[in-house]
Amino acid sequence: MIIILQSDATEEQLRHVVQRVEALGLNAHLSRGTHRTVIGVIGDEAKIAAAPLQAIPGVAQVVPVLPPYKLASSEAHPQPSVIEIGHVQIGGPFVGMIAGPCAIESARQMETIAAAVHRAGANILRGGAFKPRTSPYAFQGLGEEGLKILRDTGDKFDMPVLTEVMDPRRVELVNRYADMIQIGARNMQNFVLLKEVGQLQKPVLLKRGMSATIKELLMSAEYVLSQGNPHVVLCERGIKGFDPETRNVFDLAAVPAIKALSHLPIVVDPSHATGRPDLIPACALAGAAAGADGIHIEVHHCPEEALSDGPQALLPEQYTQLVAQIRKIVEILGRQIPSAGATPK
Ligand code: PEP
Ligand code: MN
């Protein structure tokens, strides 16, 4: 961190700044220019970030040298991280194909959809048992019954399963059934929840909040990492815009932008980003071409009967066609889609 003093800062103010820095157990290195004096602060980054150095009289500016998301940053970890979800990897050369319905509705529904997406080449099965619905009157999910269905279906098709947790009090329950735990967009800054999943050693899919900056997403990842859980995968799922033509604005540039800043894998979710099945294939292909480490898509065999997000669901045959196209792009980039388990049991 560098402290730049005001041009009219007095010697007394300078001494005071140095005293404050040293009182924090940090080292101050002075550099006197003709117009300005700057102080290089060396020491424990966490102490530096927590100290309100900007408030000291005579200080013009405090410039961080390292990003505040220390563990998530590519400086801390130059190689891209590969996260293992059961036998499937995401990141590095591996591109995860996450698919399934928005909500788990019944064993028969899950079996039908899992069979279709497994055949198409998906390697992680998703489904929500606790749904964050805008309306309290909308279907809220099957709860633990849904988790059991998801677990059984995943086991049958040898696919690791992903499901959302919304409540810190349910983390223990969801952890018993899931191979990967989703933190949804609405909870990206639920810091209590982030700390709770940070206590686990279970992969976490952390979705970008609908009005969150990339830096805020990385700071939320830092919450999980700093608790001791290194298995974090980020997800770009669209941010709020002003145009109702699409459900959200798909921020494709977030993919390479995040890759430049962080070693964590980044998945795209064109289903929630666009909310339109006719736009999902193009955005999924663009995501793969941009280097996304996974493609997350909602699929339903009968969207008109779906209890959640039916209007944006791809039909199994549309998904099958799309995976074949994504596979070509992935291969051009020298990457691969890990396969799910061999044959349904
Ligand atoms: C979902 O995955 O079904 C979901 C609710 O996602 P998001 O948090 O991105 O809206
Ligand atoms: Mn959904």
Side-chain angles (χ1 to χ4, degrees), residues 85 96-105 109-110 113 117 122 124-136 138-143 146-147 150 161-167 170 174 178-190 193-194 197 203-212 214 216-217 220-221 224 232-241 246-252 254-255 258 266-277 279-280 283-284 287 292 294-315 319:
I85 303 107
M97 294 297 289
I98 306 171
C102 183
I104 301 152
E105 299 165 9
Q109 170 241 20
M110 283 309 293
I113 296 170
V117 299
I124 297 176
L125 181 64
R126 66 145 283 148
F130 297 100
K131 295 304 307 174
R133 305 305 299 278
T134 303
S135 165
F139 178 61
Q140 302 287 305
L142 294 182
L147 294 175
L150 179 66
V161 298
L162 164 69
T163 195
E164 176 164 359
V165 68
M166 299 196 295
D167 183 336
R170 296 271 166 74
V174 173
D179 297 303
M180 185 180 214
I181 296 182
Q182 175 169 313
I183 301 293
R186 290 155 193 80
N187 274 311
M188 188 202 84
Q189 286 190 316
N190 182 337
L193 186 59
L194 296 175
V197 298
V204 172
L205 183 73
L206 177 62
K207 289 188 139 192
R208 181 180 182 182
M210 49 192 87
S211 300
I214 288 171
E216 286 163 342
L217 172 62
S220 289
V224 181
V232 178
V233 176
L234 307 171
C235 179
E236 161 56 39
R237 49 76 73 203
I239 47 177
K240 285 257 186 239
T246 58
R247 184 174 176 184
N248 289 296
V249 177
F250 179 41
D251 186 3
L252 182 61
V255 175
I258 286 172
I266 165 84
V267 161
V268 291
D269 171 359
S271 296
H272 293 91
T274 67
R276 284 176 46 178
L279 306 183
I280 290 169
C283 292
I295 316 285
H296 171 288
I297 291 180
E298 287 186 348
V299 178
H300 202 288
H301 60 293
C302 188
E304 66 179 52
E305 285 177 12
L307 297 178
S308 178
D309 280 348
Q312 72 190 27
L314 282 195
L315 289 165
Y319 183 69

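Just so you know, these numbers use all the heavy atoms, side chains as well, and skip hydrogens, waters and symmetry mates. Order of appearance sets the numbers: ligands from 1, and atoms from 1 within every ligand.
N187 is not listed as a side-chain neighbour of P132, based on a closest heavy-atom distance of 4.5 Å or more. Using a 4.5 Å heavy-atom cutoff, the side chains of D309 and R247 are in contact. The shortest distance between side-chain heavy atoms of L315 and P303 falls below 4.5 Å. Here the side chains of L217 and M188 are in contact, with some heavy-atom distance below 4.5 Å.
Of the candidates H296, E298, K207, the one placing a heavy atom closest to atom 6 (O) of ligand 1 is K207. When the heavy-atom distances from atom 3 (O) of ligand 1 to R237, R247, K131 are ranked, the shortest goes to K131.
Remark: side-chain polar atoms of R276 are not paired, donor with acceptor, to backbone N or O of T246 under 3.5 angstrom.
Using a 4.0 angstrom heavy-atom cutoff, M210 does not count as in contact with ligand 1. Residue contacts with ligand 1: G128 is excluded, as none of its non-hydrogen atoms falls under 4.0 Å. Remark: distances from the non-hydrogen atoms of R126 to ligand 1 include one below 4.0 Å.
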- Test salt bridge (Lys or Arg N to Asp or Glu O under 4.0 Å) on R126 and D269 and set out the steps. CA-CA 12 Å; R126 66 145 283 148; D269 171 359; 5.6 Å; no
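Restricting E298 to its N, O or S atoms, the one at the least distance from the Mn ion (ligand 2) is OE2.
Atoms of ligand 1 lying under 4.0 Å from any heavy atom of Q182, numbered from 1 in the order shown and given with element: 1 (C), 2 (O), 4 (C), 6 (O). If you number the atoms of ligand 1 from 1 as listed, the ones under 4.0 Å from a heavy atom of C102 come out as 3 (O). Below 4.0 Å from some heavy atom of G184 lie the following atoms of ligand 1, by number and element: 8 (O).
Rounding to the nearest 10°, we obtain 90° for the angle at the Mn ion (ligand 2) between H272 NE2 and D309 OD2.
Counting only N and O atoms by type, the side chains of H272 and E298 include a donor and acceptor under 3.5 Å apart. Side-chain atoms of E216 and Q189 form no donor-acceptor pair, as typed in the model, at a separation below 3.5 Å.
At a 3.5 angstrom cut-off on N or O pairs, A185 counts as close to ligand 1.
Summary of contacts: the protein heavy atom closest to atom 4 (C) of ligand 1 is H272 NE2, 3.4 Å.
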